[in-house]
Every structure is written in C-alpha cells, then in structure tokens.
*Asks:* 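One structure coming up, written as structure tokens, with questions to follow.
Labels below follow one simple rule: chain letters A, B, ... track the order of the sequence lines, proteins then strands, and each chain is numbered from 1. Only a predicted model underlies this, so the values are computations on that prediction, with no experimental measurement involved.
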Number of protein chains: 2
Amino acid sequence: MIAMIGNLSAGQYNLIYNTFSFTFAIMAAATAFFWLCRNQVLKHYKIAVTITGLVTFIAAYHYMQIFISFREAFTLKDGAVMATGYEFNDAYRYVDWLLTVPLLLIELILVMHLSIEETIRKSTHLALAAALMIVLGYPGEISTDAGTRWLWWSLAMIPFIYIVYHLFFGLRSSINQQPEQVRNLISKACVLLVIAWCFYPIVFTLPMIGLEGSNASTGVQVGYSIADIVAKAVFGLLIFTIARRKSAVEQK
Amino acid sequence: MIAMIGNLSAGQYNLIYNTFSFTFAIMAAATAFFWLCRNQVLKHYKIAVTITGLVTFIAAYHYMQIFISFREAFTLKDGAVMATGYEFNDAYRYVDWLLTVPLLLIELILVMHLSIEETIRKSTHLALAAALMIVLGYPGEISTDAGTRWLWWSLAMIPFIYIVYHLFFGLRSSINQQPEQVRNLISKACVLLVIAWCFYPIVFTLPMIGLEGSNASTGVQVGYSIADIVAKAVFGLLIFTIARRKSAVEQK
C-alpha cells in the first residue's frame with residue numbers, strides 16, 4: 001500500500017514517530033514476557049503461550065520495519081517535515097495481520113484445551129476465515145476509488161462477521177465446558193478481541209466518509225497502532241492469565 | 001547468480017519487497033516456535049525438532065540477506081523504480097538450499113526413529129543426493145545459454161528423481177513400521193515435500209521456454225519464496241506434529 005500521508009505538521013510527525021517506537025517497545029517487551037513466563041503454566045498450555053509471544057514477536061518485527069520505513073519517507077529538520085520521495089510502505093501492516101490474526105484465534109482455541117479434533121476443526125475454520133478477511137481487505141486498502149474500497153470492504157466483512165458470530169455464539173458450548181474460574185475471563189477475551197477488531201473496518205472507511213489529508217492519516221496510523229496493542233499484547237495477557245488460572249485449577 | 005530482474009514496475013517492486021519481508025518474518029517466527037516447543041516432544045525426537053528449527057533459521061538469515069541485497073540493487077523513489085547498479089545477489093538461495101535441503105531430509109528420517117544404522121545410512125544417501133542436486137543445478141542457473149541450462153538441469157534431475165523415488169517407495173517399509181496414528185501424516189509429509197520441490201525445476205526452466213523480463217523474474221522470486229515457505233515452515237510443522245503424536249503414543 002502506498003500510504004497517502006499528506007503534508008504532516010511537525011507535531012503530527014512526532015506523534016506518529018513516537019507511536020511507532022512505543023508500539024515496537026511494547027510488542028518486544030510483551031514477547032520477552034510471554035516466552036520467559038512459559039514455565040508458569042502446565043505443559044499443555046505452553047504452546048498457547050508460545051504462540052501468544054509469537055504474535056507479539058511478528059508484530060514487533062513489523063513495527064520496527066514500519067518505523068524504519070517512516071523515517072526513510074519523511075524527515076523533520078529545522079522544524080519542517082519533508083517527504084524524501086521514498087515510499088512509506090505500510091503494506092507491512094497487512095503482511096503482519098495475515099500472519100498474526102489467524103494465530104490470535106488459534107491461541108484462543110488452544111488455551112481452551114478442547115479435544116484434538118475440535119481444536120483442529122475450529123482452528124482451521126477460524127484461521128482460514130481470518131486470512132480470507134485480510135486478503136479481501138487489501139485490494140480495497142490500496143485503492144483510492146471509494147466504490148472499489150466499499151466493494152472490498154463489504155467482501156472482507158463477510159468473514160469478519162463469521163468470526164465475530166463464532167466468538168460470541170459458536171464458542172458458547174466450548175466456553176461452558178471450561179472450569180468455572182476462567183469462564184468469565186474467556187468471554188472477556190472474546191469481547192476484547194471483537195471490540196479491538198471493530199476498530200479496523202471503521203478506520204478503513206475514514207477516507208470514504210470524507211476524512212482526508214494529514215489529520216486522517218495521523219489518526220489512522222495512531223489508531224491502528226493502539227488497536228494492535230490491544231488485540232495482541234493486552235489480549236495476550238488475558239490468554240496468559242487464563243492459562244495460569246487453568247493450570248492452578250488442574251494442579252489441585 | 002546475477003539475477004536478471006529486468007525493469008520492474010512499482011507494483012512488481014513492492015510485491016517482491018513485501019514477499020521477502022513476509023518470508024523472513026515467517027522463517028524467524030517458525031524458528032522461535034520450533035525451538036521453544038522442543039520440550040513438547042520426547043527426548044529422542046528433540047534433535048529432529050531442533051533441526052527443523054535450524055532449517056528455518058538458516059532460511060531466515062538468507063531471506064534477510066536477499067531482502068537487503070534487493071534494497072541495495074533497486075530503489076523506489078517518487079514512484080519510479082531505479083536500478084542502482086549494485087548487483088542483486090540471489091546466489092544466497094543456492095547457499096541456503098545447499099545447507100537446508102539435506103537437513104530437511106535428515107529431519108524426516110530422524111522423526112521416524114529407525115535403528116541407528118538405518119538412520120545413518122538413509123540420512124547419508126539422501127543428504128548427499130540433495131547436496132549433489134543443488135551443486136549440479138548451480139552452473140545452469142548462472143548460465144544464460146539455453147543449451148548449457150538444459151544440460152545442468154538434466155544432470156541435477158538425476159539425484160532429484162532418486163530422492164523422489166526414495167520418498168515414495170524407498171521409505172515405504174520404514175513408514176509401515178511407524179505407529180498407525182502417524183503413518184498417514186508421514187506419507188503426507190513426503191508428498192508435501194515432493195510437491196513443493198517440483199516447483200524448483202519448473203521455475204528453473206522458465207527462461208528456457210521463452211519467459212523473460214520483469215514479469216518472469218517477479219514470478220520466480222515470489223514463487224521460490226512460497227515454495228521455500230511450504231518446504232521449510234509448513235513441512236516443519238508436519239514434522240513437529242508427527243513428533244508430538246509419536247511422543248503421546250509412546251508415553252501411554
């Protein structure tokens with residue numbers, strides 16, 4: 001995606017710049033935490049916690065690249081922001097989502113510790129729907145034509161709604177099989193994921209509902225970063241807490 | 001190999017660029033996963049899982065180098081792609097294959113947990129054939145003469161066919177000694193490897209059957225990357241799953 005950033009003010013430049021650095025730091029720290037604390041959970045939850053760290057690891061890599069790309073595309077010198085002519089490549093976001101969004105759903109399924117067949121079936125369905133959602137969103141994201149954007153947005157919303165439906169209703173019986181102490185937490189994790197994810201299709205429509213220029217693009221960059229932190233690091237922390245509580249219950 | 005990339009469009013440049021970054025991220029994440037999850041399998045499968053991670057580790061390193069080399073050889077500025085004059089070195093691919101292709105076959109043999117003699121014999125034969133295949137392919141790859149390319153291609157196909165024959169028939173009796181629960185999975189791993197590998201000699205012939213210019217080279221770069229992801233990360237996941245299931249069976 002060739003991001004149309006517009007003419008940034010020095011303040012906007014600094015806000016985006018520091019947001020990217022902040023997000024990288026959070027993702028890297030979250031990765032270290034999840035991987036270092038893996039032995040706090042029972043063996044059969046370790047894969048879920050490892051994947052939780054994998055998601056933030058992949059996100060840390062991509063935020064580092066986004067940050068580098070931003071610094072190559074814009075400079076702030078003598079108080080003025082200048083475009084260097086090099087492209088700000090935030091296709092990195094889509095590449096990141098293509099990998100991490102399916103993994104996020106898989107870590108949620110894994111921490112439930114269902115039967116092998118159910119784990120494989122649910123993981124496959126949700127992961128494929130997630131990948132499809134990202135792939136369908138991309139052609140719209142790189143288009144500047146509102147009609148084209150709406151078309152791909154609508155198509156991507158089909159798997160999106162399938163996933164949301166699944167998180168709220170399809171997993172209901174599986175959640176009810178969970179120990180009482182974590183049932184509430186797992187429901188919260190589902191709700192958190194859905195709320196964080198709702199942000200993405202809304203941000204996507206910003207250029208289609210009249211917002212433009214550097215205000216919109218600053219909002220998009222900062223907004224996507226916050227949504228990523230919630231959906232990956234905060235959500236991961238919930239998964240880790242669930243795995244720990246379940247480990248404590250099962251050890252008794 | 002001095003890759004003849006041709007005049008890339010901005011879209012082709014971005015596609016290759018993002019494919020390299022994506023492949024690096026997958027290989028690095030897969031490495032972390034395999035090495036962190038080694039303790040999910042019994043002791044005698046740990047070497048197989050370690051080598052699985054070694055393969056993606058070596059690939060991650062080479063994709064990082066390929067990515068850097070690509071960025072040194074081409075720039076995208078003000079919407080136009082320019083060749084800097086610095087060479088795009090993807091001999092990195094052959095160096096990578098020389099190391100990883102023998103290791104891929106060794107991880108497959110190791111996860112079968114045959115007798116020591118059989119393990120050594122089969123690993124040596126297959127690894128040597130794999131190394132020979134890569135070495136014979138290289139003189140053809142760096143040649144622009146169709147006759148020379150066909151000559152080395154044909155020579156490299158001899159060890160290639162030997163390996164394919166071995167995966168389909170030579171390992172049959174060893175596969176039949178495996179626990180019932182994984183026999184099917186091991187056969188799938190063999191089939192996946194053969195399908196992924198068939199891609200390489202086909203891509204090799206593209207310049208010999210009339211395809212040229214930036215369309216062909218974009219196809220080659222993206223195609224090799226996808227084949228590498230399937231043959232290394234996806235195949236590795238199958239090896240890890242086989243090792244886990246066998247561990248579960250043997251622990252009972």
Side-chain angles (χ1 to χ4, degrees), chain A residues 1-4 31-32 34-39 42-66 68-69 72-73 83-100 102-103 106-107 110 116 119-120 134 138 142, chain B residues 9-11 13-42 49 53 56 60 63-64 67-68 70-71 74-82 181-182 185 225-226 229 233-234 237 240-241 243-245 247-249 251:
Chain A
M1 157 170 49
I2 301 162
M4 280 131 298
T31 306
F34 295 132
W35 285 350
L36 287 168
C37 292
R38 276 179 352 129
N39 51 6
L42 289 181
K43 200 179 169 191
H44 49 279
Y45 295 118
K46 279 194 181 163
I47 294 192
V49 175
T50 306
I51 293 182
T52 303
L54 219 52
V55 166
T56 49
F57 172 75
I58 294 169
Y61 165 73
H62 284 111
Y63 269 94
M64 189 190 68
Q65 291 287 21
I66 290 172
I68 291 172
S69 178
E72 279 171 356
T84 59
Y86 291 106
E87 194 175 293
F88 174 53
N89 174 29
D90 66 352
Y92 285 127
R93 288 200 186 283
Y94 272 78
V95 175
D96 177 83
W97 294 338
L98 190 59
L99 291 169
T100 55
L103 288 176
I106 289 171
E107 72 188 56
L110 282 179
I116 292 186
T119 302
I120 293 177
I134 306 301
Y138 189 65
I142 55 171
Chain B
S9 70
Y13 174 91
N14 278 325
L15 182 61
I16 295 176
Y17 185 102
N18 291 313
T19 300
F20 288 160
S21 174
F22 174 72
T23 310
F24 168 77
I26 286 199
M27 296 296 185
T31 305
F33 178 80
F34 294 133
W35 286 350
L36 286 167
C37 291
R38 273 176 359 125
N39 49 8
Q40 298 282 323
V41 302
L42 289 181
V49 175
T56 50
Y63 269 94
M64 189 190 69
F67 191 24
I68 291 172
F70 182 73
R71 292 167 77 166
F74 300 95
T75 57
L76 173 55
K77 200 177 172 188
D78 302 324
V81 180
M82 296 247 285
Q181 294 92 327
V182 296
L185 262 185
S225 303
I226 294 172
I229 290 170
V234 179
L237 215 51
F240 175 69
T241 310
R244 268 201 91 196
R245 286 223 190 140
S247 299
V249 170
Q251 238 168 359

*Asks:* Could you give the distance from OH (A:Tyr86) to CG (B:Leu76), rounded to the nearest 0.5 Å?
*Replies:* 9.5 Å
*Asks:* Are B:Lys77 and A:Glu72 ion-paired here, with the side-chain N under 4.0 Å from a carboxylate O?
*Replies:*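 No, B:Lys77 and A:Glu72 are not salt-bridged.
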*Asks:* What residue in B:Ile26, B:Leu36, B:Asp78 has the most heavy-atom pairs under 4.5 Å with chain A?
*Replies:* B:Leu36
*Asks:* Is the closest side-chain heavy-atom distance between B:Asn18 and A:Tyr94 below 4.5 Å?
*Replies:*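 When only atoms from C-beta onward are counted, A:Tyr94 and B:Asn18 do not touch, as no gap falls below 4.5 Å.
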*Asks:* Quick check on the interface: out of B:Gly79, B:Ala25, B:Ser21, B:Gly11, who has the most heavy-atom pairs with chain A under 4.5 Å?
*Replies:* B:Ser21
*Asks:* Looking at CZ of B:Phe34 and OG1 of A:Thr50, how far apart are the two atoms once the value is rounded to the nearest 0.5 Å?
*Replies:*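 Result: 12.5 Å between the selected atoms.
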*Asks:* What I'd like to find out is whether the side chain of A:Gln65 reaches to under 4.5 Å of the side chain of B:Phe67, using heavy atoms alone.
*Replies:*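 Answer yes - side chains close enough.
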*Asks:* Heavy-atom cut-off 4.5 Å, strictly under: side chain, backbone, both or neither for A:Leu98 against chain B?
*Replies:*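 Just its side chain gets close to chain B.
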*Asks:* Does the side chain of A:Ile47 reach to within under 4.5 Å of the side chain of B:Phe240, using non-hydrogen atoms?
*Replies:*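 A:Ile47 vs B:Phe240: side chains touch.
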*Asks:* If we only count heavy atoms from C-beta on, is the B:Thr75 to A:Glu87 side-chain gap below 4.5 Å?
*Replies:*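 In short, these two side chains do not touch, never coming nearer than 4.5 Å.
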*Asks:* Should B:Asn39 and A:Arg38 count as side-chain neighbours, where that means a heavy-atom distance under 4.5 Å?
*Replies:*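 SC-SC contact between B:Asn39 and A:Arg38 confirmed.
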*Asks:* Tell me the closest heavy-atom pair linking B:Ala32 and A:Leu54, and the distance in Å.
*Replies:* CB-CD1, 4.0 Å
*Asks:* How close do B:Gln40 and A:Lys43 get, counting heavy atoms only, and between which atoms?
*Replies:* NE2-O, 3.2 Å
